[in-house]
Structures are given as C-alpha cells and as structure tokens.
J.: 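I'd like to ask some things about the structure below.
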Amino acid sequence: MLDNLRLGLVVAGLLALFASPAWAKVQSTNLTDVLAKSETIAIVKVVEFPGGEALRKPRLNVLRVLKGHLDAGEQEVSYAQDEYPAQQAGEFVAFLDSRRKWRFTAAPLGGRNVESDLLLVYGFSHEGAHLVSPGILSLAQLTEYLKSGRLVYSFSGPVWFPQHGKFPWAPSGVRIKGTYDAVRNRAHVIGLGKLAGFPSEPSIDMTPWAQKPELHLRYSGRGNRPLEIRGEVQGLHPRTGALIARFAVSAPEVLREAILKRYLADTRLGPCYYKFPLRCRATKDYPKLDLSLTFDADPPCRLEGWGSGPLEIQSTGAVETAESHWVWRVETVAREGRTVVLDFNLLTPTKAKDAHWWKALGGWGLQSELLYALNSAPVRGTLSLNDGKTLRAITSFSVDLDPVTFGPVHGE
C-alpha cells in the first residue's frame, strides 16, 4: 500500500512565480538602489516582444517619462542575457539603465491602473526570482522620491484572528497604525498596547514574495520570546495613499486577542506550545490507547503514550493516497521494527475564502496545521503501523486541543 502513495509537500504559493527562497535562486536589490541606478523611469505599455534574432529587443510605447530623457511613443529597448522580463497586459513603470536595458518593472496590483493602484516592483532573472525591497510602491511615492529623495510609507489595519468553529478569520479590536521611512530604515508603530521586553519599534520588510504585497513587522525573531506580525496589503487608501492591510500574528501562534495581550505584557512568557490528545477508537487488539502529540522544547515534537517512552517524529508532510485523498501524514522514528503512522484529514477542500489565509502569512508546519484546522472544525484521522513492507491501519482517532502553554524565557 505504501508504494501506492505519492508523497508531496504542499507549500503555500508553489504555483506563484516567486514561491519560496528554498525553491529558487533568489537575488535581492534595495529599492533605493533601483531608483538611483535607473537612468530612465517611464510609464509604458508593451508593443511587441519579437522572436528570432530580435528576441531581446522589445518595443515599448512610452506614455510618460518620470526620470530621464526618453522620447514619448514607441521605443526599442533591450534586456540582459540572463534576464527575461515578464510581459504585462496593460500599463506599468519600466526602469532602464544607461544602455536602455530594461532591468526592473513596477506593475499595478491586479493589472489595474498605474496612477491610482499599488505597484509591485521586481527585477528579472533567468531562473528564480529577483526581489526588490521594499517591493511595493505608489506612483505618488515614486514621484515624491524623484523630487525630494524621501520615501515614507504609512499603513494601518486590524489584527485578525481565527474564529472558533469557523473557517473565516475576523478582525479584532487591535488595530495597527504606523509609518516606515525606507531611506532611513526607521519605523514607528502603535496599536499593540503594552510591549514588555520587546523593542519599541519593529524592523520592517515589504518584499512581495509570490508576487503578493506583504508588510512584515518583526519585533523579535528569537525562539526565546518571538513577536512577528505579517500583513496582507490589500491596496491604497484613496485619499491618503496609505497602505491598507490586514494583519495576523505569525509568532507566537495564538488563537485569541486576549492571549496575545497577556503574552505581550508579561516578560516571563516565552514561546508557546500545544498538546493534542488523540481519542482513539477501541479495538480488540488495542482496547485502550491514550496518545497525544506534544510540542515543546525537547524534543520539539513527539508522540506520547505508545510504548514505554515518547516516540520522536521522523517526518511530516502532505500525502496523496491511492484513493486520491490528501491527508497530513506524521511518521515516528522506527522502534522494534515498526513505525507509527498518523494520517490527519486536514486537507479537505473548502470554498471558504479565508480557510488557509494564515498559511500565506507564514504559518506552516505540523503544529500550525493541527492548531488552525482544529480551531475551525473537528479533525479526525487514522493510526497505522508500518513494518517496512506493509502499512496497516489499526484504528481511527479524533483530535482534541489542550490550552496553550508558554515556555520560560531563558538567558535574560
């Protein structure tokens, strides 16, 4: 049966152009360097991408020159040997170097309007991605920078949390508001309330991975006492030009606003952990199994209740069964010639728009999968044994969730 299973890791955004740094060769350029090194910056449309020997000589219709002396109308440009521009259906901003080589693009979000929409900035590469940081910009910001050298972002939006028993997330009473000076690399953020033991201001990252505009606030990336908040930028405020975002807490993984506030205000609280009791159906061979998946520091993930001691987890990942049904599989380290295998039915398709929104904000891994899926709906699964030749199901189980536990803060 095991031979009939196709093992695959399901990673959010794999089908997107810039999926993950682990899956592609990645370059990165600071936005201010892009602007400084571009002799010509203009709003354009693609006229033609010729083939054959003229492949590297696309023609652009220059609509408006923001920097430089390029004439309006149709102009032939080029691009580097190891770079391939992405074709755009509508208007966008093109960045050309001193040799009229097209090096970067700022395209309106959703292919809409340069004048009023948020622009995603990126470079070109033969393979992988060429990211720009910050990688989001408005035309008003671009023209202001070219005039004064200032590049300041403002942003606001609520922090969203998952709802118990529902797939969609919902905004909380916590609302973040801030500014970020990309030239001076300085941020000012309010709205989280008391921040005990954290820096007064976060570092800011606005690199649009997977061509999605993001706003990443990092107060502490330490495993000891983390605090990271990721925002999905949805557009620009029509009057102020501020970024409109919806935020979620990616570290620590907390389900409720009250728990977050308690964590922020107490310097004694370290990283959070969860225990998932497995309620196994009694069988003739296994009349009483009292199992749990436990996540804490040592080892970070283990199965307890099977045999004389805990079983460390060997691997986790999404598996497509012979029946074309996707499950989340957990395999333990083999003991006495057998491996305990847990298949969780977590990957049921849903029409809910926000069912897995948290994944796009950085949530990934076994604890994350179980935590957010179980908060939304009941989770069931199958327990099997693998002797190296045969995978044999022995019982089914349902999953519970114990209250969150915060570990201690060491080395303060």
Side-chain angles (χ1 to χ4, degrees), residues 17-18 29-47 58 60-75 77 85-97 100-124 130-157 178-185 187 204-209 211-215 231-245:
L17 181 61
F18 306 145
T29 303
N30 190 279
L31 176 58
T32 55
D33 290 336
V34 172
L35 299 175
K37 294 177 181 178
S38 297
E39 185 165 301
T40 301
I41 302 175
I43 302 175
V44 303
K45 283 186 176 181
V46 171
V47 177
L60 303 178
N61 183 15
V62 179
L63 306 177
R64 177 184 168 192
V65 177
L66 305 175
K67 176 185 177 182
H69 304 286
L70 193 66
D71 292 335
E74 291 191 16
Q75 300 289 337
V77 299
Q87 295 194 43
Q88 301 291 331
E91 64 179 38
F92 59 94
V93 179
F95 300 82
L96 311 178
D97 66 14
R100 289 180 57 158
K101 284 189 176 182
W102 181 11
R103 305 301 306 275
F104 296 88
T105 285
L109 182 64
R112 295 190 285 271
N113 187 275
V114 167
E115 194 76 32
S116 59
D117 208 353
L118 183 67
L119 306 176
L120 300 185
V121 190
Y122 55 91
F124 314 130
H130 190 157
L131 305 177
V132 176
S133 181
I136 54 182
L137 189 68
S138 69
L139 182 60
Q141 285 178 302
L142 175 55
T143 54
E144 174 63 26
Y145 178 83
L146 295 176
K147 180 175 65 176
S148 67
R150 296 180 68 253
L151 184 55
V152 178
Y153 297 81
S154 59
F155 51 87
S156 66
T179 59
Y180 173 58
D181 187 327
V183 176
R184 298 180 179 180
N185 194 26
I204 301 286
D205 182 23
M206 289 190 287
T207 304
W209 284 101
Q211 285 193 318
K212 294 181 179 179
E214 283 192 4
L215 180 58
E232 178 187 77
V233 179
Q234 299 176 299
L236 296 170
H237 190 283
R239 181 175 56 83
T240 66
L243 300 174
I244 301 171

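Remember, predicted model here, so these are calculated numbers, not experimental data. Side chains are part of it too, since the values below use all heavy atoms of this structure and drop only hydrogens, waters and symmetry mates.
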J.: Do T143 side-chain atoms and A140 backbone N/O form a donor-acceptor pair below 3.5 Å?
T.: yes
J.: Of the non-hydrogen atoms in P134 and A182, which two are nearest, and what is the gap between them?
T.: CG-CB, 3.9 Å
J.: Would you please test N185 and Y180 for side chain to side chain donor-acceptor pair (under 3.5 Å) and show each step?
T.: CA-CA 7 Å; N185 194 26; Y180 173 58; 2.9 Å; yes
J.: Any side-chain heavy atom of I43 sitting closer than 4.5 Å to one from L139?
T.: yes
J.: Judged by atom type as modelled, is there a donor-acceptor pair below 3.5 Å linking the side chain of E232 to the main-chain atoms of A245?
T.: no
J.: Do L35 and I41 come within less than 4.5 Å of each other through their side chains, counting heavy atoms only?
T.: yes
J.: Do Y145 and V183 have side chains that approach each other closer than 4.5 Å (heavy atoms only, starting at C-beta)?
T.: yes
J.: Using side chain to side chain donor-acceptor pair (under 3.5 Å) as the criterion, list what pairs up with D71, not counting sequence neighbours.
T.: none
J.: Apply salt bridge (charged side-chain N to carboxylate O under 4.0 Å, His left out) to E115 and R64, showing your working.
T.: CA-CA 11 Å; E115 194 76 32; R64 177 184 168 192; 3.8 Å; yes
J.: Is there a donor-acceptor pair closer than 3.5 Å between any side-chain N or O of S38 and the backbone N or O of T40?
T.: no
J.: The criterion is side chain to side chain donor-acceptor pair (under 3.5 Å); which residues satisfy it with Q75, sequence neighbours excluded?
T.: R100
J.: Got a sec: does the NZ of K67 have more than 12 other heavy atoms crowding it under 6.0 Å?
T.: yes
J.: Quick one: salt bridge (Lys or Arg N to Asp or Glu O under 4.0 Å) pairs with a partner in residues 133-147, sequence neighbours left out?
T.: E144-K147
J.: Looking at A107, is its backbone amide N or carbonyl O close enough to the side chain of Q88 to form a donor-acceptor pair, meaning the two atoms are under 3.5 Å apart?
T.: no
J.: Could E39 and K101 be called an ion pair, given the rule that one side-chain N must be under 4.0 Å from one carboxylate O?
T.: no
